[in-house]
Amino acid sequence: MRRKRHSSGYADPAGQPRLRHPIRHTTTITMIRIGSGSRAVWWACYAATDAFMNVVTRFAPSPTGTLHIGGARTALFNWLYARHWHGTFRLRIEDTDRKRSTQESVEAIFDALDWLGIDWNGEPVFQFARSARHQEVARTLLESGHAYRCYMTSEELQHSRKRARDEGRIWRYDGTWRDRDACNAPQGVAPAIRLKAPREGYTVIDDHVQGHVAIANAELDDMVLLRADGTPTYMLSVVVDDHDMGVTHVIRGDEHLVNAARQSQIYQALGWTAPGFAHIPLIHGADGTRLSKRHGATGVEHYREEGYLADALVNHLLRLGWSHGDEEVISRENAVQWFDLPAIGKSPARFDPERLSTFNRLYIRNTDDTTLACLTTSHVASRLARKVDDEEAALLVKAMPVLKERSKTLAELAQNSLFLFHARPLVIEPKAAKVLDGDALLRLADLVPRLNRLEAWDETSLELCVRAFSEECLISLGKVAQPLRAALTGSTVSPPIFDVMALLGRDECLARIKDITQAACP
RNA sequence: GUCCCCAUCGUCUAGCGGCCUAGGACAUCGGCCUCUCACGCCGAAAACAGGGGUUCGAGUCCCCUUGGGGACGCCA
């Protein structure tokens, strides 16, 4: 079993082999000795045969915008982990921020996940709908003495914070109401409920990625569980929901690492077992800072619109922070088979659009022509500002083999296919017009009768014919090919010219050439 | 500021104490192929942040420094 970069590996009684396993939180492992004496080999067997089915992961976005690259990777890792262990992957919409949450965002996130091929088990959980349950848990905590009412008003809090800032201290709630009797409560102030967190010692997270992380409890103050208006805070909601949803592994961005310690305190107060944590490093922009709007497009939908393939994005995201030896191009099947937590890197990766392009080019090349043409049609239509008819769609499929080698995105693919559909007479680009000088036009005119006489209109016959022509004229093939390209596509860049001619067909080709030669000498 | 995390080519990474004269991929630069563009093929340049330990031996383990990132809400 692969194991790397971990300080929290498990050694068996003999010291090896070492074993790291995701189910350690949920299952007991039985060690079986094979052989005897000092050469005995220990094998780990799982006590329960359904141990592998136990994994439950979740992706928990806030619906305050579309799905961004970082979120997509978090979702992917959770999905992969669940699928790898034949577990369950769930979706939870953290919509408790009523001001910023929108239904459009919820839809956008669903769409983006759908597009990426990340499917979830069961119905999504909406966090806001569960606030009664969160409140109930807070009351339990109050009753068990693990939480208390805090009557400090937000004004008092603000003053306290300001004073701390002015004195150059970092502010923490000082626990004013921690042990104060409720009979001291001021009139007319609704209390917030705070966790009575341990003040001494350390809270330890055994993170699957970050390893053993200890945070001094002195660093963590008594966090608010229920606001003065009775609504639950994120910290409480997450813990309750993860617990109720049976989540076994929380894989999320490492901006939550310290939160894990806080949440772990809530788990302890509740007497619940905390899930395994895996805090993955954030994705950074090209300048090494956290990916944000100013790094350009960060929304998944942008890449979709630009004509990136979901599989390519997934592959790229997968390789950001996770590796499997030297493997670069990894199919979904292999990703599911290979994915595991130990291979996640600890250092943040930068999002390199260039690399995504490379993956996309590769995935485009490996996609079959019909599928690719279907995906491209909408891009073509929008460029043409009209519908693409069946005949044109069929032509697009036929052209795919020569088109897909030359495009990094579907958008580019569409752009490169446009010469097939443009109405005559073609608009000739300036560079192409330069190619069509007097000599070139004369040659094109000379070539026309030969093309007319051709029996078969296919690449081979066309190439034979045009090559023979150039040899007879004692000129290089390029001297004929480039003018042909200019006349037939209006551009100096296109797929191989004989492919172009074959695709366009004899009538269209001759007509386009005629447009040019006649325009030059009417 | 306090706490936490991180550190191998420009970028993504391999590396789990001897297989490392540090490997792969993208990007870059040459060359070949060639009707343009692209593909493909061949080749080049390119990294263990610095300093101390530990060890027979350190990219790999420990410490410090430096640099980067993150968290410090009655946001999520």
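Residue numbers begin at 1 in each chain, while the letters A, B, ... track the order of the sequences.
Residue A:M223 is classed as having no contact, given no heavy-atom separation below 4.0 Å to the nucleic acid.
With sequence neighbours excluded, the residues satisfying salt bridge (charged side-chain N to carboxylate O under 4.0 Å, His left out) with A:R450 are A:E472. With sequence neighbours excluded, the residues that form a salt bridge (charged side-chain N to carboxylate O under 4.0 Å, His left out) with A:D95 are A:R98. Considering only residues two or more places apart in sequence or on other chains, A:D242 meets the salt bridge (charged side-chain N to carboxylate O under 4.0 Å, His left out) condition with A:R58, A:R92. Remark: A:D439 engages A:D437, A:R443 in a side chain to side chain contact (heavy atoms under 4.5 Å, CB included) (not counting sequence neighbours).
One finds a side-chain N or O of A:R161 lying less than 4.0 angstrom from the OP1 or OP2 phosphate oxygen of B:C74. Between A:R227 and B:A76 there is a side-chain N or O to OP1 or OP2 distance below 4.0 Å. Regarding contacts with the backbone of B:G40, every side-chain N or O of A:R361 stays at 4.0 angstrom or more from both OP1 and OP2. OP1 or OP2 of B:A76 has not a single side-chain nitrogen or oxygen of A:R98 nearer than 4.0 Å. Residue A:T358 places at least one side-chain N or O closer than 4.0 Å to OP1 or OP2 of B:A27. Of the side-chain N and O atoms in A:R406, none sit less than 4.0 angstrom from OP1 or OP2 of B:C39. OP1 or OP2 of B:A14 has at least one side-chain nitrogen or oxygen of A:S323 nearer than 4.0 Å. Applying the 4.0 Å criterion to OP1 and OP2 of B:U36, one finds that A:S494 has every side-chain N and O outside that range.
Taking only side-chain atoms of A:H256, from C-beta outward, the nucleotide of B:A76, B:G70, B:C37 with the closest atom is B:A76. Closest approach to the A:R365 side chain among B:G40, B:U36, B:G23 is made by B:G40 (side chain taken as heavy atoms from C-beta onward). Each of B:A76, B:C35, B:A25 was ranked by its minimum atom distance to the side chain of A:M235; first place goes to B:A76. The side chain of A:Q482 lies closest to B:C35 when the candidates are B:C35, B:C37, B:C74. Ranking B:A14, B:C6, B:C74 by closeness to the A:A192 side chain, first place goes to B:C74. Among B:U11, B:A7, B:U36, the nucleotide with an atom closest to any side-chain atom of A:R350 is B:U11. Of all nucleotides listed (B:A71, B:G69, B:C37), B:G69 comes nearest to the side chain of A:H284. Comparing B:U13, B:C35, B:A25 by their nearest atom to the side chain of A:E328 picks out B:A25. Among B:G70, B:C26, B:A76, the nucleotide with an atom closest to any side-chain atom of A:R290 is B:G70. For A:E405, the listed nucleotide lying nearest its side chain is B:C39; candidates were B:U36, B:C74, B:C39.
Under the 4.0 Å criterion applied to side-chain N and carboxylate O atoms, A:E219 and A:R172 are assigned as salt-bridge partners.
Atom CG in A:D326 sits roughly 13 Å away from atom C1' in B:C26 (whole-Å rounding). What separates CG of A:D174 from P of B:C72 is a distance of 19 Å, to the nearest Å. Taking atom OH of residue A:Y173 and atom P of nucleotide B:G73, one finds them 14 Å apart after rounding to whole Å. The interatomic distance linking A:M400 (CE) with B:C39 (C1') rounds to 17 Å, in whole Å. Atom pair A:D499:CG and B:U34:C1' shows a separation of 14 Å (rounding to whole Å applied). Computed from coordinates, the A:H159 NE2 to B:C74 P distance equals 16 Å when rounded to whole Å. One can place OH of A:Y234 at 14 Å from P of B:C75, the figure rounded to the nearest angstrom. Rounding to whole angstrom units, CG of residue A:L464 and P of B:C35 are separated by 14 Å.
Shortest non-hydrogen contact noted between A:A502 and A:L462 is N-CD1, 3.9 Å. Between A:W322 and A:D340, the closest heavy-atom pair is NE1-O, 3.3 Å. When all heavy atoms are compared, the tightest approach of A:V209 to A:A278 is CG2-CB, 4.0 Å.
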May I have the list of side-chain donor-acceptor pairs in residues 478-488 of chain A shorter than 3.5 Å, sequence neighbours left out?
{"residue": "A:Q482", "atom": "OE1", "partner": "A:R485", "partner atom": "NH1", "Å": "2.5"}
{"residue": "A:R485", "atom": "NE", "partner": "A:S494", "partner atom": "OG", "Å": "2.8"}
{"residue": "A:R485", "atom": "NH2", "partner": "A:P495", "partner atom": "O", "Å": "3.3"}

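When both distances must be under 3.5 Å, the Watson-Crick or G-U wobble mate of B:A58 does not exist. B:C3 is paired with B:G70 under the criterion used here, namely a Watson-Crick or G-U wobble arrangement in which both key atom distances are under 3.5 Å. When Watson-Crick and G-U wobble pairs are counted only if both distances are under 3.5 Å, B:U11 pairs with B:A25. With a cut-off of 3.5 Å on both Watson-Crick or G-U wobble distances, the partner of B:C48 is given as none. With both pairing distances under 3.5 Å, B:G40 is matched to B:C32 as a Watson-Crick or G-U wobble pair.
Closest-nucleotide positions on RNA chain B for A:F498 and A:G321 were compared, and the one nearer the 5' end corresponds to A:G321.
The distance between the ring centers of A:F339 and A:F77 falls below 6.0 angstrom.
Comparing B:U21 with B:A46, their C1' atoms sit 16 Å apart, to the nearest whole Å. Taking the P atoms as reference points, B:G24 lies 16 Å from B:C9, given to the whole Å. If you take atom P in B:C29 and the same atom in B:G23, they sit 23 Å apart, rounded to whole Å. Only the C1' atoms considered, B:G67 is 15 Å distant from B:U8, to the nearest whole Å. Rounded to whole Å, the separation between the P atoms of B:C63 and B:A7 comes to 13 Å. To the nearest whole angstrom, the two C1' atoms, one in B:C6 and one in B:C33, are 45 Å apart.
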Pairwise N/O distances under 3.5 Å, protein to nucleotides 3-5 of chain B:
{"residue": "B:C3", "atom": "O4'", "partner": "A:E219", "partner atom": "OE1", "Å": "3.3"}
{"residue": "B:C5", "atom": "O3'", "partner": "A:Q210", "partner atom": "OE1", "Å": "3.2"}
{"residue": "B:C5", "atom": "O2'", "partner": "A:Q210", "partner atom": "OE1", "Å": "3.0"}

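Taking the centre and axis of the six-membered ring of A:F126, the NZ or CZ atom of A:R130 falls outside the cone set by 45° and 6.0 Å.
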